Enquirer: 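Supplied in structure tokens, the structure appears directly below.
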Amino acid sequence: MDSLFAVPLLSFPDFQAGAGYVARLPLANPAAAEEQIGQFLDSLLAAPPEQGDLLALLEELRGPLALVAGEMGRRYHGKPLVLGEMEERAFQRVVLTWRKLRKAYARCLAGVKTVAGDAEAGRRLATLLQRCLHCTGAVILEHYRARRELPPGLWREFHAYYRAAETRGVATIPVADGITGEERTTDCTAAYGAVLLADLAGPYSRSVRDIDLIGRWAALWAPLVRVLPLADGGHRAHYVLEPDGDSGLHPADPASPPRAGARCLDTSSLARQVKQVLEQLRQKVPASRLGLGDEPSSHARGLLEQLVRPWSQAGAARKFRRFAASGTARVCVGFESIHFFVSGRPFEQPEVAKTYSRGEFNLLFSARELAVPGQRPVIRSQDDYPADQWEVVNHSANGFRLARTSVGQKMGHGQLLALCPHDGERFLLARASWLMQDRGGGLVAGVSVLPGLPTGVAVRVSGEPRDSGRPFVRGFVLSPVANVAEHGSIVLPLGTYQASRIFDIYADGFWQVRLRNILERGSDFERVSFETV
């Protein structure tokens with residue numbers, strides 16, 4: 001990978017020469033700045049200055065690198081998978097640069113000798129190991145933001161730095177954070193715990209915005225976390241940590257005892273802190289006053305409520321049992337294709353509007369098969385409406401785990417999908433609730449099915465008079481599901497919803513509905529409750 005981005009080497013014999021180079025980095029041009037940072041690190045690794053100068057230069061570089069990596073990340077964060085060539089290149093560059101910085105810090109470790117009573121050497125060792133943990137953690141978190149499977153050995157590398165901090169007795173020695181611009185301290189245990197907490201939060205099922213918030217909050221509260229030998233907390237540990245394994249915390253298996261040296265994470269103090277913050281948010285205390293950033297308090301509260309269980313390490317029972325399966329499901333994305341496969345015909349602007357009574361409307365969309373006995377969609381040419389083939393890995397009553405090769409349409413987290421199951425003939429509406437690109441370039445997705453049978457409709461904001469010429473757009477009506485007390489709902493393009501607004505609906509006839517509440521919001525759609533007018 002290093003040869004892919006090879007650049008000429010420079011010479012930085014002392015701190016002054018290197019500091020001048022860092023000060024001149026073109027931070028307003030992230031791509032150019034990243035290239036120069038890579039060149040700088042390559043030069044330091046090839047011909048390092050005296051160790052004290054090398055460490056000082058790396059400390060100077062951490063802040064600019066964090067800024068540039070954040071800006072470079074905008075090119076691929078939240079983008080549909082599989083990434084395009086330029087997006088992929090940006091991701092690889094950011095990861096490689098963090099790895100180079102970690103390698104440079106590790107170069108400094110060899111010269112640090114600690115002896116009993118040498119506090120200065122202990123602080124230096126703690127600083128170097130914390131920096132190695134931070135850089136390796138940054139690589140892990142960047143994979144989560146890009147929805148990429150972690151490369152083999154990355155967790156082992158991360159665990160090894162913490163194990164070294166423990167073995168040499170510096171895991172809890174406070175060191176300057178040095179990257180936020182604030183006078184804040186941290187330590188190796190906090191750097192270790194923050195990444196473990198982010199991993200516990202299910203990052204592949206989160207938006208990039210939420211991954212960033214989780215990372216920030218995990219770093220804020222990681223000092224409340226303790227790493228303990230399993231014997232000290234095993235009786236209550238639902239998750240275990242194996243320092244020589246290639247994973248983070250994972251559920252304990254009662255039938256298989258953990259390997260020697262296994263640990264657990266004591267998050268009891270963290271759980272109390274999260275519950276206290278939630279109580280303050282419920283009392284309308286602004287999120288900014290609680291150190292949660294400038295997020296709307298409603299969003300911060302909702303996310304924290306989702307984090308209580310994983311950060312308390314409580315065993316999470318599934319609402320629906322999963323079953324292994326085999327077969328092929330057909331999946332398409334985008335409102336145009338989805339509407340085609342659900343309705344069985346291309347979308348056309350309505351020309352004639354027949355008004356339905358409320359009784360006719362209820363019959364049509366709560367019992368469509370009864371209202372139109374034997375009706376089957378007539379599928380026309382699919383040349384303009386592709387549907388990809390996905391392998392079904394397992395399924396439950398409300399979702400599927402799917403896998404496919406890299407060939408196919410791009411898919412985004414939270415995106416609306418149409419899915420024809422391996423054991424069905426009709427397309428259902430679903431949402432990509434969990435998404436990851438594996439090491440081979442294929443995709444793995446967790447798909448949750450929206451409740452109700454979908455019908456493709458045409459929708460528009462109601463105007464006066466009705467023939468105002470305002471165009472209709474594609475939408476869907478989902479029938480009620482009596483056995484789970486789920487009322488009918490309407491699915492609209494993202495940004496269409498307005499509370500209490502009246503919409504015209506057309507599908508084999510014309511009627512009007514009044515929108516009520518948002519039930520679910522994805523990256524490109526809104527599912528809304530309604531009442532007929």
Side-chain angles (χ1 to χ4, degrees), residues 205 302 305-306 316-323 325 329-335 337-339 341-344 358 361-372 375 377 390 392 394-402 411-435 445-457 459 474-494 496-497 499 503 505 507 511 513-532:
S205 65
E305 287 173 341
Q306 296 172 32
R318 286 191 178 277
K319 186 176 180 180
F320 298 103
R321 183 181 174 187
R322 285 199 173 274
F323 301 92
R330 299 168 64 205
V331 178
C332 69
V333 299
F335 264 72
S337 293
I338 294 172
H339 199 279
F341 282 107
V342 168
S343 64
R358 178 162 185 166
F361 169 81
N362 289 338
L363 177 62
L364 181 61
F365 287 102
S366 64
R368 185 170 180 85
E369 293 300 328
L370 296 178
V372 190
Q375 175 172 324
W390 288 69
V392 179
N394 58 47
H395 71 97
S396 67
N398 70 333
F400 298 82
R401 183 182 178 95
L402 306 174
M411 180 181 291
H413 174 257
Q415 189 172 14
L416 185 68
L417 316 170
L419 178 146
C420 183
H422 61 296
D423 55 357
E425 298 180 356
R426 179 167 183 169
F427 276 86
L428 307 174
L429 292 188
R431 170 183 179 165
S433 56
W434 187 94
L435 185 62
V447 173
S448 56
V449 175
L450 305 190
L453 294 176
T455 298
V457 298
V459 300
R474 296 169 178 83
F476 307 92
V477 170
L478 291 165
S479 65
V481 184
N483 60 344
V484 292
E486 185 74 45
H487 299 289
S489 56
I490 187 167
V491 176
L492 303 169
L494 186 67
T496 307
Y497 169 76
F503 273 67
I505 309 292
W511 64 95
V513 300
R514 180 179 288 110
L515 302 188
R516 297 176 64 187
N517 303 312
I518 286 278
L519 301 175
E520 184 175 359
R521 179 177 279 126
S523 63
D524 62 348
F525 76 95
E526 297 163 331
R527 186 168 71 89
V528 186
S529 62
F530 65 89
E531 60 185 6
T532 55

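As the structure is a computational prediction, the values presented were derived from the model and not from experiment.
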Enquirer: Who are the side-chain contact (heavy atoms from CB on, under 4.5 Å) partners of A329, not counting sequence neighbours?
Expert: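 side-chain contact (heavy atoms from CB on, under 4.5 Å) list for A329, sorted by chain: V392, L402.
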Enquirer: Could you tell me whether the side chain of I505 reaches within less than 4.5 Å of the side chain of I490, counting heavy atoms only?
Expert: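 Sidechains of I505 and I490: in contact.
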Enquirer: Can you name the residues that form a side chain to side chain donor-acceptor pair (under 3.5 Å) with E520, not counting sequence neighbours?
Expert: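 Only R431, R527 meet the side chain to side chain donor-acceptor pair (under 3.5 Å) criterion with E520.
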Enquirer: Within the 4.5 Å heavy-atom criterion, are L515 and L492 side-chain neighbours or not?
Expert: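 The answer is yes, as the side chains (C-beta and beyond) meet within the 4.5 Å cut-off.
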Enquirer: List in chain and number order the residues that pass ring-ring contact (aromatic ring centres under 6.0 Å, His included) with F503, two or more places apart in sequence or in another chain; answer none if no residue qualifies.
Expert: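 ring-ring contact (aromatic ring centres under 6.0 Å, His included) list for F503, sorted by chain: empty.
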Enquirer: Which pair of non-hydrogen atoms, one from V447 and one from A430, has the smallest distance, and what is that distance?
Expert: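 Reported closest heavy-atom pair: CG1-CB, 3.3 Å.
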Enquirer: Are F400 and P421 side-chain neighbours, meaning at least one heavy-atom pair lies under 4.5 Å?
Expert: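 With C-beta onward as the side chain, the pair touches.
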Enquirer: Kindly write out the residues that satisfy side-chain contact (heavy atoms from CB on, under 4.5 Å) with S529, not counting sequence neighbours, or none if the list is empty.
Expert: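 So S529 forms a side-chain contact (heavy atoms from CB on, under 4.5 Å) with R516, N517, L519.
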Enquirer: Who are the ring-ring contact (aromatic ring centres under 6.0 Å, His included) partners of Y497, not counting sequence neighbours?
Expert: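 Here no residue qualifies.
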Enquirer: Would R474 and I338 count as a side chain to side chain contact (heavy atoms under 4.5 Å, CB included) if you check the C-alpha gap in whole Å, the side-chain angles of each, and the deciding distance to 0.1 Å?
Expert: CA-CA 9 Å; R474 296 169 178 83; I338 294 172; over 6 Å; no
Enquirer: Do the non-hydrogen side-chain atoms of L453 and L428 ever get within less than 4.5 Å of each other?
Expert: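 Result yes, sub-4.5 Å side-chain heavy-atom pair found.
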Enquirer: What pairs with R514 under side chain to side chain donor-acceptor pair (under 3.5 Å), at least two apart in sequence or on another chain?
Expert: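 Partners of R514 under the side chain to side chain donor-acceptor pair (under 3.5 Å) test: E531.
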Enquirer: If you define the side chain from C-beta out and look only at heavy atoms, does anything of F341 sit under 4.5 Å from C420?
Expert: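 They are not in contact (no side-chain heavy atoms under 4.5 Å apart), so the answer is no.
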Enquirer: Would you say F525 and L450 make side-chain contact, with heavy atoms under 4.5 Å?
Expert: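 Of all side-chain heavy-atom pairs linking L450 with F525, at least one is under 4.5 Å.
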Enquirer: Side chains of V331 and M411, heavy atoms from C-beta outward: is any pair under 4.5 Å?
Expert: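 A side-chain contact under 4.5 Å exists here.
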Enquirer: So, using ring-ring contact (aromatic ring centres under 6.0 Å, His included) as the criterion, who are the partners of H413 when residues are at least two apart?
Expert: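 Residues passing ring-ring contact (aromatic ring centres under 6.0 Å, His included) with H413: none at all.
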